[in-house]
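Everything on this sheet refers to the single structure shown next.
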There are 2 protein chains.
Amino acid sequence: MNTPRPRGPGRPALTRTDGTPLRVLVVDDDPDLAEVLSGALRYEGWEVRTAGDGVSAVAAARELLPDAVVLDVMLPDTDGFAVLRSLHAVRPDVCVLFLTARDAVEDRIAGITAGGDDYVTKPFSLEEVVARLRGLLRRAGMARQLEDGPRLTVGDLVMDEEAREVTRGGELVELSRTEFELLRLLMRNPRRVLSKAQILDRVWSYDFGGQAHVVELYISYLRKKVDAGREPMIHTVRGAGYVLKPVTR
Amino acid sequence: MNTPRPRGPGRPALTRTDGTPLRVLVVDDDPDLAEVLSGALRYEGWEVRTAGDGVSAVAAARELLPDAVVLDVMLPDTDGFAVLRSLHAVRPDVCVLFLTARDAVEDRIAGITAGGDDYVTKPFSLEEVVARLRGLLRRAGMARQLEDGPRLTVGDLVMDEEAREVTRGGELVELSRTEFELLRLLMRNPRRVLSKAQILDRVWSYDFGGQAHVVELYISYLRKKVDAGREPMIHTVRGAGYVLKPVTR
DNA sequence: GCAACCTCTGAGCCCGCTCTCAGCGCGCGG
DNA sequence: CCGCGCGCTGAGAGCGGGCTCAGAGGTTGC
């Protein structure tokens with residue numbers, strides 16, 4: 001399977017230090033999931049290719065020489081660990097993000113994270129995948145755009161992704177996991193209106209069956225913690241969605 | 001087997017006093033283990049190459065001129081000690097870390113380590129290997145980064161790696177082996193959330209088949225000893241992992 | 001051979017988190 | 001000015017992650 005789709009990304013292309021675009025190979029036997037993932041990553045500025053099994057993954061890797069690989073551990077032909085070795089043989093410095101089922105306890109993840117590689121468990125949210133991939137790239141020092149470190153800033157609101165710490169005006173703001181991911185999405189898209197559907201698609205896992213109503217709920221939680229008693233930064237755009245803006249004075 | 005992998009490390013590259021990167025040769029006939037080891041060492045800032053048997057090890061050493069060698073005593077062709085002699089012929093000041101089975105001939109190992117080299121018994125944890133290697137380098141005065149000595153400090157928490165001694169606010173904290181290694185990992189990654197899987201991959205031996213539950217257990221032990229009655233430094237990040245932070249005031 | 005210690009398993013409990021539901025406020029259009 | 005519907009928020013149920021205790025098995029040291 002091979003999907004070079006030159007759609008212009010929603011963000012400026014991620015580039016290596018030499019200016020060429022970053023390439024990622026997505027390997028999953030579920031074509032729907034591979035499609036969703038590649039769409040999201042393309043939107044993030046990656047050049048994406050997909051593969052459906054281990055053999056074609058290695059073949060595609062040889063051709064593409066990807067900077068990163070998103071790799072399902074459970075593949076129809078080979079297991080992920082074998083693919084990993086082949087990938088490293090092709091390109092030794094490749095970053096790998098594994099996808100693994102939560103209940104498949106012994107998926108042979110042992111030792112994976114030791115080399116700096118990482119993994120997420122299904123079902124995951126797209127923000128999760130994107131963030132982990134950014135983390136890998138940053139630690140490997142590969143992306144020019146990520147060299148400024150793991151800190152996200154909008155106005156006096158600061159998020160340290162590695163420490164999972166958020167401060168507003170220097171004061172610590174304690175957030176739950178979902179609140180954190182929602183805020184991260186908002187902070188990565190400041191001054192930009194995000195619809196509830198967009199938020200749902202990116203922050204909640206792809207198999208979430210619930211109502212868009214939860215988004216309102218979590219926005220309300222965030223407001224209580226982030227805007228509490230201060231000049232509000234989270235704004236509702238009726239009929240359209242939500243925006244995060246630095247306070248204007 | 002030959003894997004020069006120039007991946008940017010998760011930590012700043014370890015360098016010699018002249019600024020060139022430190023090189024290590026990993027020799028083990030188990031490719032999975034060699035893969036995991038080389039990943040971990042590369043992440044630590046080493047330039048790594050691997051070999052699967054004695055003959056290719058010597059060949060690789062001649063080419064690479066490594067500063068250190070991680071060497072399995074049991075090899076398919078030659079035994080580790082013969083390889084050692086060849087290595088010393090190539091480079092007399094090379095540091096060697098032996099990997100050996102628990103029930104191996106202790107006296108021969110003892111003879112070897114008298115020369116300043118060291119060994120760990122299988123199954124080992126990655127933290128163990130990494131730490132031993134750092135120790136060798138430090139004593140040999142080879143690494144620029146390690147010249148400041150074997151002391152690790154986070155807030156008022158101090159660890160002397162060589163003496164295996166930990167103090168908090170000047171008070172001695174007595175730790176078991178596993179507790180010590182877990183704390184070392186946390187102290188080498190302050191302010192950074194580590195997932196249970198990451199902790200398991202580094203602190204527990206690679207063949208450990210158990211549950212991530214043990215991590216919680218040992219965190220709880222550490223808390224009783226390190227945080228006991230004091231301002232806590234070990235924090236849980238629900239759904240993500242654990243962080244060690246100096247007390248903020 | 002025994003005692004002390006360490007490591008790990010299992011069970012049970014607690015509590016924070018997530019989500020559903022329902023009622024209300026309020027903006028906006030008629 | 002009124003009514004509708006979107007959005008907001010409080011209450012609470014259910015769940016699952018995380019903590020702790022108790023105890024078995026293994027190892028070390030005396």
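Numbered from 1 within each chain, the chains take letters A, B, ... in sequence-line order.
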Name the pairs: protein N/O against N/O of nucleotides 18-20 of chain C, kept only if under 3.5 Å.
residue : atom : partner  : partner atom : Å
C:dT18  : OP1  : A:Thr178 : N            : 3.0
C:dT18  : OP1  : A:Thr178 : OG1          : 2.5
C:dT18  : OP2  : A:Ser176 : OG           : 2.5
C:dT18  : OP2  : A:Tyr218 : OH           : 3.3
C:dT18  : O5'  : A:Thr178 : OG1          : 3.4
C:dT18  : O5'  : A:Tyr218 : OH           : 3.0
C:dC19  : OP1  : A:Trp204 : NE1          : 3.4
C:dC19  : OP2  : A:Trp204 : NE1          : 2.9
C:dC19  : N4   : A:Tyr221 : OH           : 2.7

Within-4.5 Å side-chain heavy-atom neighbours: [X] and [Y]:
{"X": "A:Val130", "Y": "A:Tyr43", "answer": "no"}
{"X": "B:Val27", "Y": "B:Asp72", "answer": "no"}
{"X": "A:Leu41", "Y": "A:Val70", "answer": "yes"}
{"X": "B:Val154", "Y": "B:Leu186", "answer": "no"}

Please list each protein N or O that sits under 3.5 Å from an N or O in nucleotides 27-30 of chain C, with the distance.
none

Can you give me the bend angle of the helix from C:dG1-D:dC30 to C:dG30-D:dC1? Use the axis through the first five pairs and the one through the last five, nearest 10 degrees.
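Between the axes fitted at each end of the helix from C:dG1-D:dC30 to C:dG30-D:dC1 lies an angle of 30°.
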Residues within residues 184-195 of chain A bordering DNA chain C, heavy-atom distance below 4.0 Å
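Those residues whose heavy atoms fall under 4.0 Å from DNA chain C, taken from residues 184-195 of chain A, amount to none.
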My understanding is that only residues two or more places apart in sequence, or in another chain, count here; which of them pass side chain to side chain donor-acceptor pair (under 3.5 Å) with [X]?
{"X": "A:Glu128", "value": "A:Arg132, A:Arg177"}
{"X": "B:Arg184", "value": "B:Glu161"}
{"X": "B:Lys225", "value": "B:Glu179"}

Near-strand residues of residues 160-168 of chain B, defined as heavy-atom separation under 4.0 angstrom from DNA chain D
none
If you take any heavy atom closer than 4.0 Å to DNA chain D, which residues from residues 222-237 of chain A end up in contact?
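Correct list: A:Arg223, A:Lys224, A:Thr236.
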Taking [X] for its side chain and [Y] for its backbone only, find out whether a donor-acceptor pair lies under 3.5 Å.
{"X": "B:Asp28", "Y": "B:Leu33", "answer": "no"}
{"X": "B:Arg168", "Y": "B:Val226", "answer": "yes"}
{"X": "A:Asn189", "Y": "A:Arg192", "answer": "no"}

With a 3.5 Å cut-off and sequence neighbours excluded, list the donor-acceptor pairs that the side chains of residues 205-215 of chain A form with protein atoms.
residue  : atom : partner  : partner atom : Å
A:Ser205 : OG   : A:Asp207 : OD1          : 3.2
A:His213 : ND1  : A:Glu216 : OE1          : 3.4

Residue-phosphate contact under 4.0 Å: B:Lys196 side-chain N/O, D:dG18 OP1/OP2:
yes
For D:dC19, does OP1 or OP2 lie under 4.0 Å from any side-chain N or O of B:Tyr242?
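For D:dC19, OP1 or OP2 has a side-chain N or O of B:Tyr242 closer than 4.0 Å.
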Which heavy atom of [X] sits nearest a heavy atom of [Y], and at what distance?
{"X": "A:Val166", "Y": "A:Leu157", "result": "CG1-CD1, 4.0 Å"}
{"X": "B:Leu75", "Y": "B:Gly52", "result": "CD2-O, 4.3 Å"}
{"X": "B:Ser38", "Y": "B:Val48", "result": "CB-CG1, 3.5 Å"}

Nearest-nucleotide wise, let me know which of A:Glu216 and B:Ser220 is further upstream toward the 5' end of DNA chain D.
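In this pair, the answer is A:Glu216.
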Find the distance B:Leu182:CG to C:dC8:P and express it as a whole number of Å.
11 Å
Once ring pair (Phe, Tyr, Trp, His ring centres under 6.0 Å) is applied, do any residues pair with A:Tyr218, and if so which ones, sequence neighbours excluded?
A:Trp204, A:Tyr221
NZ/NE/NH1/NH2 to OD/OE distance under 4.0 Å, A:Asp30 and A:Lys122:
no
Side-chain ion pair, B:Arg134 and B:Glu44, N-O less than 4.0 Å
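Salt bridge flag = no for B:Glu44 with B:Arg134.
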Counting only pairs under 3.5 Å, give me each side-chain donor-acceptor contact of residues 232-240 of chain B, with atom names and distances, residues two or more places apart or in other chains.
residue  : atom : partner  : partner atom : Å
B:His235 : NE2  : B:Pro232 : O            : 3.4
B:Thr236 : OG1  : B:Arg223 : NH2          : 2.6

